[in-house]
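Data first, discussion second: the structure below is written as structure tokens.
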Amino acid sequence: MSPANIPMPRIAAHSLTGCAGELLVILENLDKLIPYVRVASFPFAQSTNEDRPVDITFVEGSVSQRHDLEKLKHIRATSRWLVAVGSCAVWGGVQRGACSRYKPEDMVKEVYGEDTQIDVLPALPLRDHVRVDVELSGCPINASQFLSVTASLLKDHLPYITHKPVCLECKLRENPCVLLEKDLPCLGPVTAAGCGALCPSMGAACYGCWGPCQEPQMEAMGVILSEKGYAMEDVLSRLMAFGAPPHLFERMTVHQQRQVKTHERI
Amino acid sequence: MSGSERKTVHIPEICRVEGHEAVTVEIAGGKVESVQLEVFEGTRFFEKIVLGHHFSEMPHITSRVCAICSTGHVLAAINGAERSLKFKPSLTTSLYRELMHLGMIIESHATHVYALALPDFVGAPDLYKFATEHADMFAAWTRLRNLGALIQTIVGGRPFHPVNLQVGGLSHYPTVDELAPISAGLEEHFQLPVDICTFLMKIKPAVERTTSPSFLALIPEGKAYGYFGERVRSSDGFEESIDNYKEYLAEHSVPYSHAKRSPGKGKPLMVGSMARLHFYSDRLSDVARGIYARSPLAAGDTNTIWNNLAQAIEIVEAFERSKEIIRLLKQDNLVAKGHDSTKLSPRAGRSAGAVECPRGTLYHYYELDEKGVIRAADMITPSAQNTARIELDIREVVDQATDPTSPQLQANLETLIRAYDPCNTCATHMVSVRYR
């Protein structure tokens, strides 16, 4: 607890275009933060919100419209630490997966009709528009990672977040490898850790919701999935579904011509 | 309401709802001229996002439409894909899915009832005030949503965006031992939702709509107060298969909003807890049925505010039904048998799928090619179906008001909209009034 004469650190949480999942994780963990911070602005969860500078702002969602961009710039200007939370804010999320394949202007016409006036931007992560201090990926973010990031920042300390592959966590749980032993199309080797290897722990293949790990070995991933009989177009579609940037896949497309053994679907 | 001047009631951003939403009411000559509920959440094009993906990816991708009802989107996607593939899950699989769904009902309803709606009734506009001055309610919410999250974590792998529910079954069937913490939680916290029902029943509605809504809900399979089915029933006297959803829900978009709307055979619809209780209160378990019988809902009062109470009654029902499901799973050792394979052979087909989500009926529709790849898709959310009715509620309430621009009326309008638990994510401003 802060002594009475020292003001409490002020935090804020906002969403751009997303599913509100990170706001929900933050809301569900607020009971642990309430003794140490003032919630200056959190419109999802309270009606009285201040528009003044804050110490930490958590932003979820991708920038998908001009309204998002204006809001993000204002948030950046009024936040000491800007933390991008969730796969949408860090990678662009599932909506970026679609924007890599279709033009947003065309999609908006198709979904809302030719004469729509809805304003759209290609879905992109926060770092493509403003400086971001900390990126905490996850879909949704892991609650204990969120609390440890917050605790670090409250002590003016940049948090350590691992970007190693999720295989590391999977091995620590002593799971049998679903990729090598069950031939499932597991994306664990190229996906960032943080979830605790949830899918393989339940016997399912990782589908990459955390976004790419650091230096993902896309070429090797492509080779091994081709050897398992998965068509490269399926592999790419699975990998891009959660918004991983398209340039990562350039190395794989060479294999698309060379390595495809079968067109059997996943 | 009187006076000949033009007035505009404008609520630029409604707080404590999931999403970004504004309301504009135009008044001329003492009568409401137009009501616009504007949703300006960024567009996400899920109907396009899913194209080209395999049906087995649908649960994981569509769950991202919404966090708090992600389990509903997962189950609607699974239902749509399985109906298209002509696959019927085993009783064991269905029971696990229902338990998972009830976990979402508890978590979502508790979050809406306590954290989003209650602050209006206890006068706590900010979280700090709510958490400190109403610590018992804040703690009750924490326990209930933790329990809802626990159920979804044990059955689905995490509190939302579940990883364990697949088209064709579960990738892991939890054991009797793994279900034990759920049973313990259901026993320990049963009194909490009962108490909040008692509290909500005593609320005096501040405003009243003047017409009764048209209710629409799925007809539950089986005899329980269920959330899954293949046909819908309307209080306007029709029953339809969900495959004809396009006929009875006419979805269209309006230039002022990013949310599509579906008014329902031309008449504004209300879907969700109140609609379900309207049709199926006789299927409730003992305690929930007793509470319902004492509630204004049983007396035929359809004031919008009672949707909060209806949700609380459904939490009680979810507790009783979850206990029953766990009993059924243990009986005959269903936990250990009837496991479905999660690999279904692809075939071309098209089908709708539907579930009763916390806020109402959710429809997913898919067309699959012979390889099992999605070639066309459609989704209709409960909030899209409720929008026209919310606008009508606002119109009826403002028409009765002596001073439509008073801050109190606008606060009441926000409470009214919130009672629908509209699903978007919110922004910052307070209510404002413009004259012109």
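Residue numbers begin at 1 in each chain, while the letters A, B, ... track the order of the sequences.
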For [X], is it the side chain, the backbone, both, or neither that has a heavy atom closer than 4.5 Å to a heavy atom of chain B?
| X | answer |
| --- | --- |
| A:Leu121 | neither |
| A:Ala241 | both |
| A:Val94 | both |

Is [X] close to chain A through its backbone or its side chain, or both, or neither, when contacts mean heavy atoms under 4.5 Å?
| X | result |
| --- | --- |
| B:Leu170 | neither |
| B:Phe138 | side chain |
| B:Tyr173 | neither |

Run B:Trp141 and A:Asp31 through side chain to side chain contact (heavy atoms under 4.5 Å, CB included) and show every step you take. CA-CA 11 Å; B:Trp141 166 57; A:Asp31 51 336; over 6 Å; no

Tell me the residues of residues 153-160 of chain B whose non-hydrogen atoms fall below 4.5 Å from those of chain A, in number order.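 Checking residues 153-160 of chain B against chain A gives B:Ile154, B:Val155, B:Gly156, B:Gly157, B:Arg158, B:Phe160.
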
For A:His129, which residues count as a ring-ring contact (aromatic ring centres under 6.0 Å, His included) partner, sequence neighbours excluded? none

Any side-chain heavy-atom pair from B:Phe130 and A:Ile34 closer than 4.5 angstrom?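 No, too far: nothing below the 4.5 Å cut-off.
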
Does any N or O in the side chain of B:Arg64 come within less than 3.5 Å of the main-chain N or O of A:Cys139, such that one atom is a donor and the other an acceptor? yes

Between B:Ser171 and A:Gly203 (side chain of the first, backbone of the second, donor and acceptor by atom type, cut-off under 3.5 Å), is there such a pair? no

Can you tell me how far apart CG (B:Leu116) and CD (A:Gln46) are? Round to the nearest 0.5 Å. 12.0 Å

Find the distance between CD1 (B:Ile68) and CD (A:Glu28) and round it off to the nearest 0.5 Å. 7.5 Å

Listed partners of A:Arg76 passing salt bridge (charged side-chain N to carboxylate O under 4.0 Å, His left out), at least two apart: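 Checked A:Arg76 against salt bridge (charged side-chain N to carboxylate O under 4.0 Å, His left out); matches are A:Asp133.
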
Which heavy-atom pair separates B:Ala67 from A:Ala20 by the least distance, and what is that distance?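 The answer is CB-C, 4.0 Å.
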
Indicate the atoms forming the closest heavy-atom contact of B:Ile49 with A:Ala98, along with that distance. CG1-CB, 3.3 Å

What pairs with A:Ser144 under side chain to side chain donor-acceptor pair (under 3.5 Å), at least two apart in sequence or on another chain? A:Asn142

Out of B:His161, B:Arg145, B:Gln166, which one racks up the most heavy-atom pairs below 4.5 Å with chain A?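 Highest number of heavy-atom pairs under 4.5 Å: B:Arg145.
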
Start with the C-alpha gap between B:Ile61 and A:Tyr207, add the side-chain angles, then the distance that decides, and say whether side chain to side chain contact (heavy atoms under 4.5 Å, CB included) holds. CA-CA 10 Å; B:Ile61 295 177; A:Tyr207 55 88; over 6 Å; no

Residue among B:His54, B:Glu57, B:His60 satisfying side-chain contact (heavy atoms from CB on, under 4.5 Å) with A:Arg238: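 That would be B:Glu57.
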
Heavy-atom pair count under 4.5 Å with chain B, highest-scoring of A:Ser201, A:Gly97, A:Cys199: A:Cys199

Residues, nucleotides or ligands: over 12 heavy atoms within 6.0 Å of A:Lys73 NZ: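 Not more than 12 within 6.0 Å, no.
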
